[in-house]
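Have a look at the structure below before the remarks.
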Amino acid sequence: MTEYTSLEKIRLEKIETLRKEGVEPYPTRAKRTHTSAQAIVAFEESETIHPVDQPPAEVQVILAGRIRASRAMGKLTFAHIEDGDGRIQLFLRMNELGQERVDWFNKMLDIGDFIQASGVMFRTKTGEPTLHVHDFKLLAKAVSPLPAAKDEVTDSGETVRHAVLEDPELRARQRYADLAVNPEVRDTFRKRAGMIRALREFLDYNGFLEVETPILQPIYGGAAAKPFTTHHNQLKQDLFLRISFELYLKRLLVGNLERVYELGRDFRNEGVSFKHNPEFTQLEFYWAYADYLQVMELTEQMVAYACQKVTGGMEITYQGTTLNFTPPWRRLSMADGILETSGIDIAKHTTAKSLFTAIAAKGKTPNPKATRGKLIDFLLSEYLEPTLVQPTFVYDYPRDISPLAKSIPGDPLTVERFEGYVAGFELCNAFTELNDPIDQEQRFIEMGRDYAANDEERHPMDEDYLRAMRYGMPPCGGFGMGVDRLAMLLTDNHSIREVLLFPHLREPEE
RNA sequence: GGGCGUGUAGCUCAAUGGCAGAGCAUCGGCCUUUUAAGCCGUUGGUUAAGGGUUCGAGCCCCUUCACGCUCACCA
């Protein structure tokens, strides 16, 4: 049984009263001729464009939206409604509507209710385009009060927000209320949608085919992550939610689909943080006959295109820092980057033992069981990553942490792989794909050995993937990007929760 | 999972261990160009939950929960 607050009880009583008066609080149909923005544009055009010897034409409109503010002033009432385009002021006067209707508006309607209002546009004394209301109708009554947010416009023209819903937990749990009262949150998700549209446009234009591959997989792979498990009852089959798309997309290249991409959800059963959510949106593409250097060029063009589409330029401000996505981005070999930032030359340490000693000499303590590749990765995140503020490609990675990437010809310890870093975190990861089925099988075996101590991280052997490789896969470049992270950058949000409509949260307290 | 921090009215926040408060919102009035409208009045609380210390706990102690920051984990 729902427990109502005293404020809600008052509104429920109003709903009863409305029905007794014969007013349906939730009518089935609404009518509107203009959005708030369209009404203002039409009005301003009428003011400027009219024959010199005639007054401006009346602009009659029917608007619909949610009441966000209401100021009753005796025989006048001012209110603001908000629709998908913005806000617009309503003006109600007893002269036109009569005392009864204006009183009814003030008494029976509340902030949060949806209404439609018809009338003629005019300007108030202060110059604000306003609807002079001749009639109005309740469209949907709100039972629960919205968390009130008020905007004050100071003398200097700045907008100061008061009584904002700002508790991050509540905002995420009740995203509907957050969206209803915080316009910048709606804007974040419009930008996110625009960004995703831009990524698709870019890849479509470049001849990539959008595909969909299984989310429920009998064998997971393509990344080092712990999966979620589930079960198909009738088939009595254990299944995993995918941790990446990679192994399925590359099967498609075996099938002669030369350029494919997938934009969808990955699931990783790992910790939650400001840049990790258990389910997140991933973009992967695979490009036959290309290598990682071509992928690098396409990547910077794609991100720059998305940035241009969302923000109108190549430069953005992220958490107070100006970032410039104009291609070409800085390119830095991993060995050089680590040498510059840590003073350790990984080329001189070809074994894990030697490298561990060098790191220990710096006073750092990585996991002593780590492989050479893991130690290099440790150096990357410890020293290099925090310095990579402007978009940078770090390239040429250790082989043993890149089991699906192709080695550099003549350098068995290093693979053709790069990661894109921005604002000190990893944005994307790409490599020249390994297409030698014998080598691939060997890598899976090595990896099984390296990770034998840790069952959860162990990469299961995917026999069907190897079979596909044996049919032959063209040389290709592959790419993966955390789409939520790009959304964080382009909307200037520090936390992934702010760019997910419904981020994962713990069970609420009862 | 570890460390630090936060949690008080619908919203935003106060309150030396000593009567739980303010603004906005609600409700009742006044007001024909307001815009955080204003003015007068009114209502609203299991101080996140549970336990303890104390004559007395929002405040001190313990446990739990949620959130934030951070560390760890995260090819």
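Here the structure is a predicted model, which means the values were calculated and not measured. The sequence lines fix the lettering, A, B, ..., with proteins before strands; numbering per chain opens at 1.
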- Query: Less than 4.0 Å between a side-chain N and a carboxylate O, is that true for A:Asp439 and A:Arg399?
  - Reply: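 Salt bridge present between A:Arg399 and A:Asp439.
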Below 3.5 Å between N/O atoms, which protein atoms pair up with nucleotides 26-31 of chain B? Just atom names and distances, please.
from, atom 1, to, atom 2, distance (Å)
B:C27, OP1, A:Lys14, NZ, 2.9
B:C31, N3, A:Gly74, N, 3.1
B:C31, N4, A:Gly74, N, 3.3

- Item | Closest to the A:His276 side chain, choosing from B:U33, B:C74, B:A75 |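 Nearest listed nucleotide: B:C74.
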- Among B:U32, B:C74, B:U34, which is the nearest nucleotide to the side chain of A:Phe78?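 Closest of the options to the side chain of A:Phe78: B:U34.
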- Query: Using 30° and 60° as the class limits, which term best fits the ring planes of A:Phe122 and A:His132: parallel, tilted or perpendicular?
  - Reply: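 The rings of A:Phe122 and A:His132 sit tilted, inter-plane angle from 30° to 60°.
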Which part of the nucleic acid does [X] contact within heavy-atom distance under 4.0 Å: base, sugar-phosphate only, or nothing?
| X | answer |
| --- | --- |
| A:Thr124 | base |
| A:Arg268 | nothing |
| A:His494 | sugar-phosphate |

Within the structure, does a side-chain N or O atom of [X] lie under 4.0 Å from either OP1 or OP2 of [N]?
| X | N | result |
| --- | --- | --- |
| A:Arg497 | B:G68 | yes |
| A:Arg71 | B:A37 | yes |
| A:Lys275 | B:C74 | no |

- Message: Please determine whether any donor N or O and acceptor N or O are separated by less than 3.5 Å between the side chain of A:Gln89 and the base of B:U34.
- Response: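 Answer yes: a donor N or O sits under 3.5 Å from an acceptor.
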- Message: Is it the case that the side chains of A:Thr77 and A:Asn106 hold a donor-acceptor pair, with the cut-off being a distance below 3.5 Å and no angle test?
- Response: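 Result is yes, a qualifying pair exists.
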- Message: For a quick check under 3.5 Å, do A:Tyr292 and A:Asp396 share a side-chain donor-acceptor pair by atom type?
- Response: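 Yes, side-chain donor-acceptor contact under 3.5 Å.
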- Message: Can you see whether A:Phe43 has A:Arg123 sitting over its ring - NZ or CZ less than 6.0 Å from the centre and within 45° of the normal?
- Response: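 The answer is no; the distance or angle limit is not met.
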- Item | Any residue meeting ring pair (Phe, Tyr, Trp, His ring centres under 6.0 Å) with A:Phe418, in chain and number order, not counting sequence neighbours |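 If we apply the ring pair (Phe, Tyr, Trp, His ring centres under 6.0 Å) test to A:Phe418, skipping adjacent residues, the hits are A:Phe393.
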